[in-house]
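These numbers come from the heavy atoms of this one structure, side chains and all, not from hydrogens, waters or symmetry mates. Order of the sequence lines sets the chain letters (A, B, ...), proteins ahead of strands, with each chain counted from 1. Bear in mind the structure is a predicted one, so any value in this text is a computation, not a measurement.
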Number of protein chains: 2
Amino acid sequence: MFKPVLIEPSIYCQLDIVQFKSSCAACSLRELCLPVGLNEDEVKKLDIVSQKRKITRGGYLHHAGAKFQSLYAIRSGFLKTCVLEQDGRHQVTGFHMTGELLGLDAISTDVHTCDAIALEDSEVCEIPFAKLEEISRTIPSLMRHFHKIMSREIVRDHGVMLLLGSMKAEERLASFLLNLSRRFHLRGYSEYNFNLRMTREEIGSYLGLKLETVSRAFSKFQDEEIITVDNKHIQIKDIARLRMKLSNSDVS
Amino acid sequence: MFKPVLIEPSIYCQLDIVQFKSSCAACSLRELCLPVGLNEDEVKKLDIVSQKRKITRGGYLHHAGAKFQSLYAIRSGFLKTCVLEQDGRHQVTGFHMTGELLGLDAISTDVHTCDAIALEDSEVCEIPFAKLEEISRTIPSLMRHFHKIMSREIVRDHGVMLLLGSMKAEERLASFLLNLSRRFHLRGYSEYNFNLRMTREEIGSYLGLKLETVSRAFSKFQDEEIITVDNKHIQIKDIARLRMKLSNSDVS
DNA sequence: CGTTGCATTGAGGAAAATCAAGTTGAGTGG
DNA sequence: CCACTCAACTTGATTTTCCTCAATGCAACG
C-alpha cells in the first residue's frame with residue numbers, strides 16, 4: 001500500500017525493522033525533512049536530537065497552552081491542528097501528513113497556541129527546539145532549510161486566508177480536494193483515489209463552512225460526475241473540471 | 001503628535017537628525033526590532049547590515065514575483081501586503097506599521113509571494129537576508145528573536161484564519177478596530193482616536209467582506225454609539241461594547 | 001438490536017453579495 | 001471662487017449563498 005517515491009522499497013523495508021532506533025541517516029523522510037547536501041557527520045549531529053513518539057487515533061500530540069519544548073516531524077499518520085478562543089470559538093487550521101513539521105506557532109511565546117490531534121495512528125520525531133537552534137548554528141544549510149520551512153508555513157497560511165476570504169463554498173472544497181490530491185501524490189499514493197481522514201465537520205471548520213454545506217458540495221460534485229464520494233473514500237474522476245471549479249464561477 | 005512610549009522624546013529628536021545615517025544603536029525601534037540584551041559590539045554588527053529606503057504613498061516596496069534579497073523593517077509609515085492569484089483573485093493579507101518586519105513569506109522560495117504597497121509615505125530598513133542569517137549564527141539571541149518573529153507571523157495568520165472562517169461581518173470589523181487600536185496604542189498614539197490609512201475596499205478585502213458590508217457595519221456601530229466615523233477618522237467611544245461584539249452575537 | 005456518531009437531504013430564514021442610486025470631499029482648472 | 005471630475009463612501013432594494021433546523025439514513029459497536 002505504501003509506495004515511497006523518493007527511495008527504494010528495500011530501503012524502506014530496512015527502515016521498518018529499525019523503526020525504534022531513531023536515525024535521521026536512515027529515515028525515509030530525509031529528503032522531505034532535511035536539507036539535501038548534508039554530509040554524514042552533519043546528519044549524525046541530528047541523530048542525537050530526535051526521539052520518536054507514537055500517538056494513537058484521537059490522541060493529542062500537544063495541547064494549546066502547553067509549554068513548548070519541541071517541534072514534531074511527522075513520520076507517518078495524519079493530524080489536525082486547531083486554534084481555540086476563550087469564547088469557545090475554534091477552528092481547524094490545518095491537516096498535516098508525513099514529512100511535515102508541527103509546532104512552529106509555539107516558538108513565538110514558548111507556549112503551544114493550538115491543539116494537535118491525531119486523526120489516525122501516527123508517529124512523530126520529537127525535535128527539541130533548543131538543540132535544533134544550537135545545531136543549526138554550526139550547519140548553515142540546516143538553518144536555511146529551517147527558515148524556508150517556517151516561511152513556507154506563512155505562505156500556506158496566506159493561501160488559506162485567500163481561500164477563506166474570497167472563495168465560495170464549492171471553490172473552497174475543490175481547492176481542498178486538489179490540495180489533498182497533490183500531497184498524497186507527492187507521497188507515493190494515488191492522486192485520484194484516497195480516503196479522507198477527517199469528518200465533514202472538520203473539513204467545514206477548516207474551510208469556514210458548515211458540515212451540511214460541505215456535504216452538499218460533495219453531492220453536487222458527484223452529480224456533476226467530477227468525483228465519486230463513498231463516505232470517506234474519494235475518487236477524482238475529472239480533475240480538469242475540478243480545477244475549473246477554482247477559476248470560474250459559471251455553472252451550467 | 002508622535003509620542004513614543006519606549007524611549008525619551010529627546011532621543012527621538014536626535015534620531016530625526018541622524019535619520020539618514022543608518023544606525024541600529026540609535027534607532028527608536030530597537031526594542032521592537034532587536035532582542036533586548038545585545039551588547040554594543042553586537043549591535044554594531046547589525047549596523048553594517050541595514051540600509052534605509054523611502055517609499056512614497058502608493059509606491060511598491062516589492063512586487064509579487066520579485067527576487068528576494070532582503071527583509072524590510074518598517075521605521076515609519078503604513079503598508080499593506082496583498083497576495084494575487086493567476087485568476088485575478090487578490091486579497092490584502094495584512095496592514096503593517098512601525099516596527100514590523102516584511103518579506104518573511106519570500107524566504108521559502110527566494111521570490112516574493114505578495115505585493116507590499118505603502119498606504120502613506122513610509123521608510124524602511126532594508127536587511128539583506130543572507131547577512132542576517134550569517135550574523136545570527138554568531139549571536140544566538142538574535143537568531144532566537146528572529147525565529148520568534150517568524151513564529152509570531154504564523155500565529156497572527158492563524159488568528160486571521162479564525163476571523164475569516166468563523167466570524168460574522170460585525171465581529172470581523174470589531175476585531176479589526178480593536179487590533180488597530182491596540183497597535184496604535186503600543187506605538188504611543190491614542191487608542192481611541194486614529195485615522196484609517198486604507199479604503200473601505202481594502203478593509204473589506206482583508207476581512208473577507210465587500211466594501212458595502214464594511215460601510216454598513218461602520219454605520220451600525222455609529223448608530224449604536226460605539227464609535228464615531230468621519231470618513232477615515234475613527235473615534236472609539238465605548239471600547240467595552242466594541243469588545244463585546246467579539247464574544248456574543250446577541251443584539252438588542 | 002438499540003445506541004451512537006457521522007452523513008445526507010430538504011425547507012426556511014438570515015447574512016452578506018450584488019446592483020443601483022446618490023452623496024461627499026479632495027483635487028483641478030477655468 | 002466656482003464648476004467639474006473622480007474616487008471613495010453611503011444607503012436602499014433585491015438576489016444569492018450559506019446557515020439553521022429538522023428528519024432520515026446508515027454503518028459500527030457493544
Measure the distance from [atom1] on [X] to [atom2] on [N] and round it to the nearest whole Å.
X        : N      : atom1 : atom2 : answer
B/Leu173 : D/dC9  : CG    : P     : 13 Å
B/Leu163 : C/dA16 : CG    : C1'   : 15 Å
B/Lys232 : D/dA7  : NZ    : P     : 14 Å
B/Asn231 : C/dA26 : CG    : C1'   : 10 Å
B/Glu170 : C/dA16 : CD    : C1'   : 12 Å
B/Phe218 : D/dC9  : CZ    : C1'   : 11 Å
A/Phe221 : C/dT9  : CZ    : P     : 15 Å
A/Glu202 : C/dA7  : CD    : P     : 9 Å

Using a cut-off of less than 4.0 Å, is there contact between a side-chain N or O of [X] and OP1 or OP2 of [N]?
X        : N      : answer
B/Ser215 : D/dC9  : no
A/Lys168 : D/dT16 : no
B/Ser219 : D/dT11 : yes
A/Thr199 : C/dC6  : no
B/Arg200 : D/dC9  : yes
A/Lys210 : D/dT17 : no

(request) Indicate whether the side chain of A/Thr81 and that of A/His96 have a donor and an acceptor atom separated by less than 3.5 Å. (result)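 A/His96 and A/Thr81 do have a side-chain donor-acceptor pair below 3.5 Å.
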(message) Can you work out whether A/Arg172 or B/Glu212 has the more 5'-proximal nearest nucleotide on DNA chain D?
(response)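 Counting from the 5' end, the first nearest nucleotide belongs to B/Glu212.
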(message) What's B/Leu211 touching, base or sugar-phosphate or nothing? Going by heavy atoms closer than 4.0 Å.
(response)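 Base contact.
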(message) By the 4.0 Å heavy-atom rule, please label B/Gly208 as base, sugar-phosphate, or nothing.
(response)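 If one applies the 4.0 Å heavy-atom cut-off, B/Gly208 turns out to touch the sugar-phosphate alone, with no base involved.
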(request) May I ask you to check whether over 12 heavy atoms, not counting those of B/Arg53, lie within 6.0 Å of atom CZ? (result)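 It does: B/Arg53 CZ has more than 12 such atoms within range.
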(request) Assess whether atom CD of A/Glu201 is packed by more than 12 heavy atoms of other residues, nucleotides or ligands within 6.0 Å. (result)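 Counting neighbours around CD of A/Glu201, 12 or fewer heavy atoms of other residues, nucleotides or ligands fall under 6.0 Å, so no.
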(request) Assess whether one donor atom and one acceptor atom, taken from the side chain of A/Arg216 and the base of C/dG10, lie less than 3.5 Å apart. (result)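 A donor-acceptor contact between them is present.
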(request) Identify the heavy atoms of B/Cys114 and B/Cys82 that sit nearest to each other, and give their distance. (result)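 Reported closest heavy-atom pair: CB-O, 3.2 Å.
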(message) Could you measure the distance from the OG1 atom of B/Thr228 to the CD atom of B/Gln222? Nearest 0.5 Å is fine.
(response)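 The CD atom of B/Gln222 is 6.0 Å from OG1 of B/Thr228, to the nearest 0.5 Å.
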